[in-house]
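This report concerns only the one structure given below.
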Amino acid sequence: MDGDSVESERFVKAALLGVAVAEETRRLLRLHFSPAEVGADGRVHVEVPYPDSAVVETVLEVAAECFGQTHQDALDSLLQLAGFDDDSLLNRPAC
């Protein structure tokens, strides 16, 4: 394999890992989403118990470090990527 092929393969593997992490985080949030509390400012409070909370915290720490963000910025990005909006699967009852 030449250098470009190795780099391409690494990029694909990193992308697949990123998708897997995003999907697992989405699953964890959805699992613990109901019942959720909505604050006066419109923010949604989701209680994620241990050990799932450790996974979410680790994802936030890695994302914040990788992208030079605060934990809150990383959380906002994660929720946006998870489709946390009116049409989101997170807003539907779990089966």
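- Rounding to the nearest 0.5 Å gives a distance of 4.0 Å between CZ of Arg27 and CD of Glu24.
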Only pairs under 3.5 Å count here: list side-chain donor-acceptor contacts from residues 50-68, not counting sequence neighbours, and write none if there are none.
| residue | atom | partner | partner atom | Å |
| --- | --- | --- | --- | --- |
| Asp52 | OD2 | His32 | NE2 | 2.7 |
| Ser53 | OG | Tyr50 | N | 3.4 |
| Thr58 | OG1 | Ala54 | O | 2.8 |

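- The minimum heavy-atom distance between Asp73 and Thr70, with the atom names listed, is N-OG1, 3.0 Å.
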